[in-house]
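Quick note on labels: first sequence line is chain A, next is B, and so on, each numbered from 1.
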Number of protein chains: 2
Amino acid sequence: MTEPKAKPLRADAQRNRDQVLAAAARAFAKCGLEATLEGIAKDAGVGIGTLYRHFPTREALIEAAYRKELATVCEAAPELLDKLPPAEALRAWMDRFADYLHTKMGMADALRAIIAAGANPYDHSLELLVGAIEPLLAAGVASGELRSDISADDVLMSLSGVALAAGDRRDQAGRLLDLLLDGLRYRA
Amino acid sequence: MTEPKAKPLRADAQRNRDQVLAAAARAFAKCGLEATLEGIAKDAGVGIGTLYRHFPTREALIEAAYRKELATVCEAAPELLDKLPPAEALRAWMDRFADYLHTKMGMADALRAIIAAGANPYDHSLELLVGAIEPLLAAGVASGELRSDISADDVLMSLSGVALAAGDRRDQAGRLLDLLLDGLRYRA
DNA sequence: CAGTTAAGCGGAGGCACCTCCGGATATCAA
DNA sequence: TTGATATCCGGAGGTGCCTCCGCTTAACTG
């Protein structure tokens, strides 16, 4: 999970990167999303330039800071698939995802940027999410509950769009996710 | 359409407001959304403070600048309803809306804020949109094509979520809107 | 161990955002 | 017409964002 990557960083670079990430996690936990990048850099004991080299945008930093938690949400997918019929498992996972976004609204904007960017195939979080959705969707298609002409990408896009648009009105988000799932159910 | 409001502005205030709005429209048309507020203020011949008094946030200014165009999109709803069966009319209107957002991506963030704000009942654009969707939805329910347990608010939320999340991938947005409409169709 | 060099560092600087408040002025009452 | 005053104006200033580039140093070589 501490990805080695193609290019191993120089020792000092790796150390600084970790310190920035730790400081960012602290700052976001304490101040929410409006934590200043300069403050994070100072707290990490590095210059602002160093922070920007490692994380070229605010979103990149947030994304990296929350990646581990996001992975946890994604890992719940297989478990749900064990316990529930595919369509229900998908719906339940959507709820987990929406809950997560709801508690970490800070992540919302970052996520929107990540997903909207779309084009970047190296983005880890995006893979993570698509990877979580794919088995759920495939199982639903196999069991005949879900239509087969929608990709995991599309589901993610709709899901995140709905979750982000609904913002903090969690009940409304729930209704919209029901609606989304209805659209996904197979019809002759 | 040039709402008189409860409090008629003082003559100079009204004049300044109009000039700012005109400058904003010019700036957004020319530079897209990254037009600077300071530049707009200067172009309008007012101080930055005046701009901020009239439009406390960037979104407020954008919203005001695009309100007229948005109204045009909304006015298309009844016409579509005349020409098409309700569900198709709704779908066609969604396309208009998505097209609009697509050409004016600048508006996207503003719209997201407007819709996410939600709580502000005085927001004119929100009323406009809900007012456009409501008849389409009602006609669909009346004809039995669409389910009756979804509100125009919910439709707007899903629609905008999808359109915004899809960003500039217009084809994907189209698929997602199809999906949304499938969810809206009546099922026993 | 000493030399080389590519990678990394960091903060000064320029730009935009937004707030705040002393001065200006439209409006109204007398 | 002449104050009185509520309203509005505008830009200086404090803050954060992000870029750029000269200096530093880890890592590698012989």
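Residues satisfying the side-chain hydrogen bond (donor to acceptor under 3.5 Å, both in side chains) test with A:Q172, not counting sequence neighbours, are B:D154. Applying the salt bridge (Lys or Arg N to Asp or Glu O under 4.0 Å) rule to B:R15 yields no partners; only residues at least two apart in sequence or on another chain are considered. With sequence neighbours left out, the salt bridge (Lys or Arg N to Asp or Glu O under 4.0 Å) criterion links A:D149 to A:R147. For A:D99, the salt bridge (Lys or Arg N to Asp or Glu O under 4.0 Å) test picks out A:R170, with sequence neighbours left out. For A:D82, the salt bridge (Lys or Arg N to Asp or Glu O under 4.0 Å) criterion is met by no residue, not counting sequence neighbours.
Among residue pairs with one or both ends in residues 43-54 of chain B, those qualifying as side chain to side chain donor-acceptor pair (under 3.5 Å) are B:R26-B:D43; sequence neighbours excluded. Residue pairs meeting the side chain to side chain donor-acceptor pair (under 3.5 Å) criterion with at least one member in residues 130-144 of chain A, sequence neighbours excluded, are A:S143-A:E145.
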Could you go through nucleotides 17-19 of chain D and list every protein N or O atom that sits under 3.5 Å from one of its N or O atoms, giving the distance for each pair?
{"from": "D:dC17", "atom 1": "OP1", "to": "A:R58", "atom 2": "NH2", "distance (Å)": "2.6"}
{"from": "D:dC17", "atom 1": "OP2", "to": "A:L37", "atom 2": "N", "distance (Å)": "3.2"}
{"from": "D:dC18", "atom 1": "OP2", "to": "A:Y52", "atom 2": "OH", "distance (Å)": "2.8"}
{"from": "D:dC18", "atom 1": "N4", "to": "A:E38", "atom 2": "OE2", "distance (Å)": "3.0"}

Show the distances under 3.5 angstrom between N or O atoms of the protein and N or O atoms of nucleotides 26-28 of chain D.
{"from": "D:dA26", "atom 1": "O4'", "to": "A:R10", "atom 2": "NE", "distance (Å)": "3.4"}
{"from": "D:dA27", "atom 1": "OP1", "to": "A:A11", "atom 2": "N", "distance (Å)": "2.8"}

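Using a 4.0 Å cut-off on heavy atoms, none of the residues of residues 18-31 of chain B approach DNA chain C.
Counting to the nearest Å, the C1' atom of D:dG16 and the CD1 atom of A:I40 are 12 Å from each other. Put simply, CG on B:L51 is 12 Å from P on C:dT19, counting in whole angstrom units. Rounded to an integer number of Å, the gap from CG of B:D43 to P of C:dA16 is 15 Å.
Among all heavy-atom pairs drawn from B:E75 and B:E79, the shortest one is O-OE2, 3.7 Å.
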Do any side-chain atoms of residues 84-94 of chain A form donor-acceptor pairs under 3.5 angstrom with protein atoms, and if so which ones, sequence neighbours left out?
{"from": "A:R91", "atom 1": "NE", "to": "A:D178", "atom 2": "OD1", "distance (Å)": "2.7"}
{"from": "A:R91", "atom 1": "NH1", "to": "A:D95", "atom 2": "OD1", "distance (Å)": "3.3"}
{"from": "A:R91", "atom 1": "NH1", "to": "A:D95", "atom 2": "OD2", "distance (Å)": "3.1"}
{"from": "A:R91", "atom 1": "NH2", "to": "A:G174", "atom 2": "O", "distance (Å)": "3.0"}
{"from": "A:R91", "atom 1": "NH2", "to": "A:D178", "atom 2": "OD1", "distance (Å)": "3.0"}
{"from": "A:W93", "atom 1": "NE1", "to": "A:V73", "atom 2": "O", "distance (Å)": "3.1"}

Could you list the donor-acceptor pairs under 3.5 angstrom formed by side chains in residues 31-41 of chain A, with sequence neighbours left out?
{"from": "A:T36", "atom 1": "OG1", "to": "A:G39", "atom 2": "N", "distance (Å)": "2.9"}

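The aromatic rings of A:Y66 and A:F28 lie parallel to each other, with less than 30° between the two planes, well short of the 60° mark.
Taking 4.0 angstrom as the limit, B:N16 places a side-chain polar atom (N or O) nearer than this to OP1 or OP2 of D:dC9. In this structure, B:H54 reaches the D:dC9 phosphate: one of its side-chain N or O atoms is under 4.0 Å from OP1 or OP2.
Put simply, the side chain of B:R53 and the base of D:dG10 share a donor and an acceptor less than 3.5 Å apart.
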